[in-house]
Amino acid sequence: MMKTGKIIMFSIIFGIGLLGCEKDDTQETLVTPRVDFSFTPTALVAGDEVVFNAEPAAGSSEITTWAWNFGDENSTSSTETDPTYIYENAGTYDVYLQVSDAAGNVHRTTKTITVTKAEFPASLVWEFSTNTPVSNINDGSSSPVIGDDGTIYYTESRAGENSKVVAVTDQGDSAELKWASGPLGGELPNAPSIGPDGNILINAWVVDNADNAINKLSAADGTILWSGGIGTDVSNSTPAVDSQGNSYHGSRAQGANGGVYSWTSEGEKRWEITGVGAFYSSPVISNDESTVYFLNTNEGMIWAVNAADGSPKWEAPVGEGSGVHGSSLSMNADGTIYYTTNAHVVAITDNGETGAIKWSVEIEGASNSGVVIGPGGDLYSGATSGLYSFNPEDGAINWVYDIEIAESVPAVDVNGNVYVGSVEGILFIISETGALEKEFELTNNVVNSPTITSDGTIYVEAYDGEVIKLFKIAVEESGPANSPWPMKGQNIKNTGRAN
């Protein structure tokens, strides 16, 4: 009996011992680091700061080290308890946190987070129209020009004898009519430009009255200061203006009636070259103002002319030999001249006594636009087959964005974003890598060439099938690209003069 009692007692004590061992093992399992984490904001947008918060679990051992990896392409890490990080690009990222305690026990947790693309910081502010009926688009790759006082000038060009230049004051969240010019005798299928005295130059398609093929209007009230006759009319050729106020333009007349012309700031004809065919396109003036380059649109050839007297700089014109209507010429810092034909984007080198094709790229539907330059030096041009990005050295195509473009010279901002209008009434904003940033459906028809002001504001004209409308789009932290030619006419005054 005694022996049996001892055995029972031993069994009880042994069982209690086992239970004690099991309890100790359980406690050892629990007393290790355990952690989770959260982040704010929970809806992540590229460019926003993300705050990560580590959350030790109840019963966790004391955590002594923290090792974060944010899952980006550089495997960026942090040893802070609650670090912050900014994801610059949209995407999906695996974020992990590894912790340890003083005993060297380790715990790791991972979460997959999604970062969305930030909305492009642009908004439509207002639209304005005088509601003058027009029969067609504003052609000549028309674009608004901006005076020193902020007045916006644009054309309602295809209203017959009622065609006019319109001056608008930007009131911030609305626009107010300042003045509208009287009839100029015909339509105005080109963009205005602004001389150094602040007044407005505009060419006119005046079939029955050749006395006002070019007009200078008062910026104050739109009255005609002077008009110049050339014996024919002008279409699509925006006047280029030098620093002395001398202007240069071509005519639309074919054959013996065609030519190029220069005028003083007071309206005296300086020189002319006639009998050489049509010059629809807008010319460009060299940086030193010694040379003006015109595109003969019958031949698709560039003419280099001495600005002082109209004498030829080159003995013979140079170019692709394919016709074009409304191309807007431009120029790079090294003096390379760019233009578009009906089938090509072309770069021309001025070698002094001669010119030469630097490169030529065949592009479907390349006419009626022009070439602009981004902050990194890449070139952009619109065509019916898309928006093209080119390498300036050899014309190699970097990318194409599928848009149908006509009558819109692109504009590039300081961040490399490209603005261009389509034939379907949309203003597109495309990144420098060819991705869509944002689009604005303005009308149901052609959107013309945008103009970018120093604060990033975009002004652009569009046709809705009945009237011409002017639009203001505000863009945050922007402005024109710091490049030799960021928009049509080089600048907000459309002077066509190289920097």
Side-chain angles (χ1 to χ4, degrees), residues 137-143 157 189-191 193 203 205 234-240 248-254 258 260 276-285 292-305 317-332 336-348 355 357-373 379-388 390 395 404-411 420-421 423 446 448-450 484-490 494-498:
I137 61 173
N138 269 7
D139 51 8
S141 302
S142 186
S143 62
S157 70
N190 58 90
S193 53
N203 284 327
W205 187 357
V234 176
S235 174
N236 296 73
S237 184
T238 298
Y248 308 84
H249 68 88
S251 77
R252 67 175 298 277
Q254 308 293 316
V260 296
V276 288
F279 289 78
Y280 278 74
S281 301
S282 304
V284 60
I285 306 170
V292 186
Y293 302 91
F294 296 91
L295 176 61
N296 184 300
T297 52
N298 289 108
E299 302 173 351
M301 308 284 275
I302 291 290
W303 291 48
V305 175
V318 174
E320 189 57 53
S322 177
V324 65
H325 288 295
S327 179
S328 183
L329 275 63
S330 56
M331 179 175 285
N332 215 325
T336 301
I337 306 111
Y338 303 108
Y339 72 97
T340 59
T341 76
N342 289 335
H344 302 87
V345 175
V346 188
I348 300 292
I357 296 177
K358 180 177 180 180
W359 51 256
S360 175
V361 182
E362 189 169 350
I363 300 295
E364 180 183 352
S367 66
N368 295 335
S369 186
V371 177
V372 295
I373 306 171
L379 310 177
Y380 304 95
S381 186
T384 58
S385 55
L387 174 67
Y388 287 78
F390 302 94
E404 186 176 354
I405 300 167
E407 304 296 347
S408 184
V409 179
V420 69
V423 301
V446 169
N448 290 99
S449 305
W485 209 278
M487 68 187 89
K488 174 180 167 62
Q490 204 280 328
N494 230 341
T495 61
R497 186 170 68 245

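- Between the CG atom in Asn448 and the CD1 atom in Ile137 there is a gap of 6.5 Å [rounded to 0.5 Å].
- Between Trp303 and Phe279, a ring centre-to-centre spacing shorter than 6.0 Å is recorded.
- In this structure the side chain of Val260 never reaches within 4.5 angstrom of the side chain of Val276, judged on heavy atoms.
- Rounded to the nearest 0.5 Å, atoms OH (Tyr280) and CG (Asp139) are 9.5 Å apart.
- A donor-acceptor contact under 3.5 angstrom links the side chains of Glu320 and Ser360, judged on distance only.
- Side chain of Ser330 to backbone of Val371: a donor-acceptor contact under 3.5 angstrom is found.
- With Thr340 contributing its side chain and Ala366 its backbone, the two residues share a donor-acceptor pair below 3.5 Å.
- Taking the side chain as every heavy atom from C-beta outward, Asn190 and Ser237 never approach each other to under 4.5 Å.
- Neither side chain, Asn342 nor Ser322, offers a donor N or O lying under 3.5 Å from an acceptor on the other.
- Between Ser281 and Leu329, the closest side-chain pair of non-hydrogen atoms falls below 4.5 Å.
- In terms of modelled atom types and a separation under 3.5 Å, the side chain of Ser381 and the main chain of Gly370 share a donor-acceptor contact.
- Looking at Ile302 and Tyr339, their side chains come closer than 4.5 Å, going by heavy atoms from C-beta outward.
- No donor-acceptor distance shorter than 3.5 angstrom exists from the side chain of Asn236 to the backbone of Arg252, with no hydrogens or angles considered.
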| request: Please report the C-alpha distance between Val423 and Thr384 in whole Å, then the side-chain angles of each, then the deciding distance to 0.1 Å, and finally whether the side chain to side chain contact (heavy atoms under 4.5 Å, CB included) criterion is met. | output: CA-CA 9 Å; Val423 301; Thr384 58; over 6 Å; no
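- Of the inter-residue distances, the one linking Tyr338 atom OH with Lys358 atom NZ reads 5.5 Å to the nearest 0.5 angstrom.
- You'll find the side chain of Lys488 reaches within 4.5 Å of the side chain of Asn494, heavy atoms only.
- Between Met301 atom CE and Leu295 atom CG the span is 10.0 Å, to the nearest 0.5 Å.
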| said: Assess the residue pair Val284 and Trp485 against the criterion (side chain to side chain contact (heavy atoms under 4.5 Å, CB included)); give the C-alpha distance rounded to whole Å, side-chain angles, the decisive distance to 0.1 Å, and a yes or no. | reply: CA-CA 11 Å; Val284 60; Trp485 209 278; 3.3 Å; yes
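- Considering OG of Ser327 and NE2 of His344, their distance stands at 13.0 Å, rounded to 0.5 Å.
- In this structure, Ile357 and Ile348 have side chains that are in contact, with non-hydrogen atoms separated by less than 4.5 Å.
- Between the side chain of Asn368 and the backbone N or O of Ala406 there is no donor-acceptor pair closer than 3.5 Å.
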| said: Apply side chain to side chain contact (heavy atoms under 4.5 Å, CB included) to residues Ser385 and Ile363 and explain how you reach the verdict. | reply: CA-CA 8 Å; Ser385 55; Ile363 300 295; 3.9 Å; yes
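- Without hydrogens or angle criteria, Ser193 side chain to Thr495 main chain gives no donor-acceptor distance under 3.5 Å.
- Glu407 places no side-chain N or O within 3.5 Å of a backbone atom of Ser449 that could act as its donor or acceptor partner.
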